[in-house]
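Notes follow once the structure below has been shown.
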There are 2 protein chains.
Amino acid sequence: MWNVDEILDKLKSKGYKLTGQRKAIVERLCGREDHPTAEQLYKELKKDYPTISFATIYSTVQLLEEMGYLQTLTVDEKKTHFDPTWAAHAHFFCQKCGRLEDIEMNQEEVERLKNLSKYRTQSLQVYLYGLCPECDNR
Amino acid sequence: MWNVDEILDKLKSKGYKLTGQRKAIVERLCGREDHPTAEQLYKELKKDYPTISFATIYSTVQLLEEMGYLQTLTVDEKKTHFDPTWAAHAHFFCQKCGRLEDIEMNQEEVERLKNLSKYRTQSLQVYLYGLCPECDNR
DNA sequence: AATTTACCTTTAAATAGTTATAAATTAAAT
DNA sequence: ATTTAATTTATAACTATTTAAAGGTAAATT
């Protein structure tokens with residue numbers, strides 16, 4: 001799980017400026033269990049930062065990804081979701097309502113999958129598609 | 001692997017018209033081992049069907065997906081790739097050159113992954129990211 | 001504390017993939 | 001051959017994301 005101060009220190013030590021926007025984005029992502037889109041973050045952050053822009057959100061999120069703090073999920077064809085964690089795990093995506101849930105995977109499974117390729121795998125995504133219980137009962 | 005006639009018969013039996021464009025798209029996808037994008041298909045088909053449009057390609061591909069003949073891959077953030085097969089397997093994506101390769105998975109592995117969720121999983125994608133040997137040596 | 005500078009955010013516009021619409025075309029039923 | 005309903009096409013619209021340029025700001029320097 002994220003430690004805000006650690007992430008901010010790391011940003012600073014890499015020569016990045018600690019702007020209010022960056023702090024706000026890191027704080028807003030910290031401890032989340034959901035997988036917000038750029039738009040969700042934009043709406044939420046706009047309350048504290050009325051002038052914040054998508055460009056800032058996308059660039060900060062990209063920075064956090066490069067630093068290994070978050071993952072970009074392409075499970076949803078329509079838009080990118082951000083997952084503020086790096087530990088490998090799978091995701092279940094409901095094809096009707098778009099609900100997106102984390103699924104644990106043990107380290108063995110992760111390693112086995114990474115080793116399926118003869119090339120060196122840097123990261124891994126496992127996406128399960130189906131209907132969540134709510135959508136299935138209608 | 002695909003059988004063109006079987007797919008065309010199935011289309012017809014479901015009440016879909018066998019248009020020249022649909023036949024051309026099915027024929028062009030048949031037996032492929034790569035994972036063309038809409039644009040690739042468009043360019044290729046344009047030789048035989050100079051008036052073919054993206055709308056036709058997208059709608060036909062969607063039809064084939066609904067009928068269970070092909071999969072839509074979201075491994076590449078930039079664009080959708082189509083995989084003319086339904087057997088579950090993993091994909092390796094080179095983050096530099098975009099090369100996309102099939103990786104075999106045995107049925108056990110597939111089942112184990114599908115069962116990671118307590119919900120009923122209809123389909124599955126496993127994406128491995130890294131650098132292909134060529135890109136790694138530069 | 002003021003100045004400077006390089007980086008950052010913002011605004012606005014551009015881009016690219018995909019989808020919607022409406023008119024024209026055509027497969028196939030009559 | 002005619003009819004009809006589905007399909008294709010051309011065009012425009014749409015949406016998520018990225019880019020470019022102008023102004024703003026963190027933090028290093030004086």
Open item on the list: Under 4.0 Å from OP1 or OP2 of D/dT18: is there any side-chain N or O of A/Tyr58 that close?
Closed with: no
Task: Presence of salt bridge, A/Arg112 and B/Glu109, under 4.0 angstrom - done: yes
TODO: Decide whether B/Asp102 and B/His35 meet the rule of one side-chain donor and one side-chain acceptor closer than 3.5 Å.
DONE: yes
Open item on the list: Using only atom types and a distance under 3.5 Å, with no angle test, would you say the side chain of A/Arg32 pairs donor to acceptor with the backbone of A/Pro84?
Closed with: no
TODO: State, without any angle test, whether A/Arg28 and A/Tyr49 hold a side-chain donor-acceptor pair at a distance under 3.5 Å.
DONE: no
Open item on the list: Heavy atoms within less than 4.0 Å of DNA chain D: which residues of residues 67-78 of chain A have one? Give them sorted by number.
Closed with: A/Lys78
Task: Between P of D/dT9 and CG of B/Leu45, the distance in whole Å - done: 10 Å
Open item on the list: Tell me if a side-chain donor or acceptor on B/Tyr129 pairs with a main-chain N or O of B/Val75 at a distance below 3.5 Å.
Closed with: yes
Task: Residues A/Tyr42 and A/Lys46: side-chain donor-acceptor under 3.5 angstrom - done: yes
- [ ] Return the value, rounded to whole Å, for the distance between atom CZ of B/Phe54 and atom P of C/dA20.
- [x] 16 Å
Task: Rounded distance in Å - CG (B/Leu64) to P (D/dT7) - done: 13 Å
Open item on the list: Strictly distance-based, threshold 3.5 Å: is any side-chain N or O of A/Trp2 a donor or acceptor partner for the main-chain N or O of A/Tyr69?
Closed with: yes
- [ ] State yes or no: do A/Leu70 and A/Leu73 share one hydrophobic cluster built from I, L, V, M, F, W and Y residues joined by side-chain heavy-atom distances below 4.5 Å, directly or via other members?
- [x] no
- [ ] State whether B/Thr51 places a side-chain N or O below 4.0 Å from either non-bridging phosphate oxygen (OP1 or OP2) of D/dA10.
- [x] no
Task: Length of the line joining A/Lys46:NZ and C/dT10:P, which is rounded to integer Å - done: 9 Å
Task: Same cluster (ILVMFWY, side-chain, under 4.5 Å), A/Ile7 and A/Leu41 - done: yes
Open item on the list: So if I take residues 35-43 of chain A and measure heavy-atom distances to DNA chain C, which residues fall below 4.0 Å?
Closed with: none
Open item on the list: I need the NE2-C1' distance between A/His81 and D/dT17, as an integer number of Å.
Closed with: 14 Å
Open item on the list: Taking the nucleotide of DNA chain C with the nearest heavy atom to each, does A/Thr56 or B/Gln62 sit closer to the 5' end?
Closed with: A/Thr56
Open item on the list: Measure CD1/A/Ile57 against P/D/dT19 and give the value in whole Å, please.
Closed with: 17 Å
TODO: Residues of residues 3-27 of chain A with any non-hydrogen atom less than 4.0 angstrom from an atom of DNA chain C: list those, numerically ordered, please.
DONE: A/Tyr16, A/Lys17, A/Thr19, A/Gln21, A/Arg22
Task: Distance, rounded to the nearest Å, where A/Phe82 contributes CZ and D/dA16 contributes P - done: 12 Å
Task: Proximity of B/Tyr127 and B/Phe93 rings by center, below 6.0 Å - done: no
Task: Distance-only donor-acceptor check, side chains A/Thr56 and A/Gln21, under 3.5 Å - done: no
Open item on the list: If I take atom CG in residue B/Leu63 and atom P in nucleotide D/dT7, what distance separates them, rounded to the nearest angstrom?
Closed with: 8 Å
